[in-house]
Number of protein chains: 2
Amino acid sequence: MARTQGSHSEITRPRVRAAALKLFAEHGYAAVSMRQIAREVGLQAGALYNYTPDKQDLLFSLMKAHMDELLAACSERVSQGDAMARLRAFVDFHITFHMGRADEIFIAYMELRNLTPENFETIEALRRSYENHLEAILAAGLSEGIFDVPDSKVTTLAVIAMLTGITTWYRPDGRLSPEEVSELYWNMVRKVVGA
Amino acid sequence: MARTQGSHSEITRPRVRAAALKLFAEHGYAAVSMRQIAREVGLQAGALYNYTPDKQDLLFSLMKAHMDELLAACSERVSQGDAMARLRAFVDFHITFHMGRADEIFIAYMELRNLTPENFETIEALRRSYENHLEAILAAGLSEGIFDVPDSKVTTLAVIAMLTGITTWYRPDGRLSPEEVSELYWNMVRKVVGA
DNA sequence: GTCTATACTCTGATAGAC
DNA sequence: GTCTATCAGAGTATAGAC
């Protein structure tokens, strides 16, 4: 039997995080007050501090959790086969992973400047690590002789920007299915790397 | 002879706007106070209201001015020749125009959600108009038979996202000159449109 | 774990003297 | 056109009852 006291916390904590995520994505970190978050969960503002030391840590821990999940899922799903297979897997992974996480992406890209310098460095390092994953694929394809890119760093950034841009317009009830989007972008990425 | 009273205003107004632009880009609209802007210019907070009805209008008018400039400059510099020539001109225009305006771009993309609904609609319409400029070029190239794109809308968004992404990493004192960047991206865009 | 109450600071915006 | 003074409200965070 779980303790009654503990179980309350285990239920409320995720709700606090979910509310913060939703509100930060909708209005921006700086524009959201602790009172708003509390109201969304059905608490008083003071009660939030049982779940987070402060507002900054709430933002940081949401971003950190997102980046950790991203890197873990990427490593798991993009590691098999030659450079071509891995590039295909990366494109598909990036698109599908991001489609279900519109709020997280929004925050991860928009709220970097609201992190303290130390927290920023942590997130930035994780972001670079993700970029390196793609760049390693491009480098492998180059040495295998199946890709043709004049500058692998710039190509990496261009491809990620292109793919991440999907989140600004994709809607689940829109004209294109996730599979069609993935197919269209894979076609473009394939051309960009000269494969 | 210009009147003394008038000339003060003509000097201070741009300084207020420049300060707001810089601070909004650096910390985000919601995180910047009118007192901060005033301090940057060397005024008291109340004096700002000689130059703007409120904080929201300050943001909106900065974004509006940017979009108007963007569209005017684009129309002027991207209109000559066939689809291929215009696409080349568009890529070069987008890159060079955006490189000198890091703060404006940042605001134009990040602060949309801090606009009132009416202001948002205005800016959004201008943004769509810019996208349409590129899409028209792709459509022209398609009917000329020199481009090969399966979905001109998606390709438009992908190309703009790719190009705009440059602003997140480009530094004037970095490894690449503006010309080299433009050349690299033109190469990628050319491949994407199948030319 | 959550509440109420509260400390203290900052917010956007206005009024009126000069 | 800029200043000082001020308003009413909202900001984060804490203390202590229950």
Side-chain angles (χ1 to χ4, degrees), chain A residues 1-24 26-62 107 111 113-116 118-119, chain B residues 1-24 26-63 107 111 113-119:
Chain A
M1 286 279 282
R3 287 173 306 156
T4 311
Q5 280 204 342
S7 61
H8 248 292
S9 171
E10 283 151 31
I11 292 170
T12 309
R13 186 183 304 274
R15 294 188 59 220
V16 169
R17 292 171 60 85
L21 176 69
K22 180 191 148 194
L23 290 170
F24 288 166
E26 199 170 334
H27 305 108
Y29 172 78
V32 173
S33 71
M34 294 299 266
R35 282 179 175 84
Q36 269 179 280
I37 299 171
R39 196 184 318 131
E40 181 86 11
V41 184
L43 295 178
Q44 294 295 318
L48 291 179
Y49 292 85
N50 291 313
Y51 305 104
T52 179
D54 52 34
K55 192 185 174 190
Q56 165 72 204
D57 194 80
L58 203 44
L59 174 64
F60 173 67
S61 99
L62 285 169
I107 290 179
E111 302 296 355
R113 62 185 161 182
N114 284 311
L115 292 170
T116 61
E118 305 82 39
N119 288 344
Chain B
M1 286 279 281
R3 287 174 304 156
T4 311
Q5 280 204 341
S7 60
H8 248 293
S9 170
E10 284 152 30
I11 292 170
T12 309
R13 186 183 303 275
R15 294 189 59 219
V16 169
R17 292 170 60 84
L21 176 69
K22 179 191 149 195
L23 290 170
F24 288 167
E26 198 170 334
H27 305 109
Y29 172 78
V32 173
S33 71
M34 294 299 268
R35 284 174 176 81
Q36 269 179 277
I37 298 171
R39 197 183 319 131
E40 181 87 11
V41 183
L43 296 177
Q44 294 296 316
L48 290 180
Y49 292 85
N50 291 315
Y51 303 104
T52 180
D54 52 35
K55 192 186 172 189
Q56 166 71 204
D57 194 81
L58 202 45
L59 174 64
F60 173 66
S61 99
L62 286 169
M63 290 178 67
I107 289 178
E111 303 296 356
R113 61 186 162 181
N114 284 312
L115 292 171
T116 62
E118 305 81 41
N119 288 344

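On a predicted model such as this, the values are computed, not experimentally measured, just so you know. By convention in this document, chain letters (A, B, ...) are assigned in the order of the sequence lines, proteins followed by strands, and residues within each chain are numbered from 1.
Distance A/Gln56 CD to D/dG11 P: 18 Å, rounded to the nearest Å. Spacing between atom CG of B/Leu48 and atom C1' of C/dT14 amounts to 13 Å, rounded to whole angstrom units. Following rounding to the nearest Å, A/Asp54 (CG) and D/dT14 (P) show an atom-to-atom distance of 8 Å. Rounded to whole angstrom, the span from the CG atom of B/Leu58 across to the C1' atom of C/dA13 amounts to 14 Å.
Residues B/Leu58 and B/Tyr51 form no side-chain contact, since every pair of their non-hydrogen atoms from C-beta on lies 4.5 Å or further apart. Contact of the B/Thr52 side chain with the B/Val16 side chain is not registered, since no non-hydrogen atoms from C-beta on lie closer than 4.5 Å.
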Contact letters for nucleotides 6-11 of chain C, in which S counts primed atoms plus P, OP1 and OP2 and B counts the base, heavy atoms under 4.0 Å
-----B
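Qualifying side chain to side chain donor-acceptor pair (under 3.5 Å) partners for B/Gln56, counting only residues two or more places apart in sequence or in other chains: B/Asn119.
For the pair A/Gln44 and C/dC3, the criterion of a side-chain N or O lying under 4.0 Å from OP1 or OP2 is not met. One finds no side-chain N or O of B/Thr52 lying less than 4.0 angstrom from the OP1 or OP2 phosphate oxygen of C/dG12.
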Give the C-alpha distance, both sets of side-chain angles, the deciding distance and a yes or no for side chain to side chain contact (heavy atoms under 4.5 Å, CB included) between A/Ile107 and A/Tyr29.
CA-CA 8 Å; A/Ile107 290 179; A/Tyr29 172 78; over 6 Å; no
How far apart are the C-alpha atoms of A/Lys55 and A/Glu111, what are their side-chain angles, what is the distance that settles it, and do they pass the salt bridge (Lys or Arg N to Asp or Glu O under 4.0 Å) test?
CA-CA 13 Å; A/Lys55 192 185 174 190; A/Glu111 302 296 355; over 6 Å; no
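Taking the side chain of B/Tyr51 as heavy atoms from C-beta on, and the options C/dC3, D/dT4, D/dT2, the nearest nucleotide is D/dT2. Across C/dT4, C/dT14, D/dT4, the shortest atom-to-atom separation from the side chain of B/Tyr49 is found for C/dT14.
Under the side chain to side chain contact (heavy atoms under 4.5 Å, CB included) rule, B/Arg17 has a single partner from B/Thr12, B/Leu62, B/Val41, which is B/Leu62.
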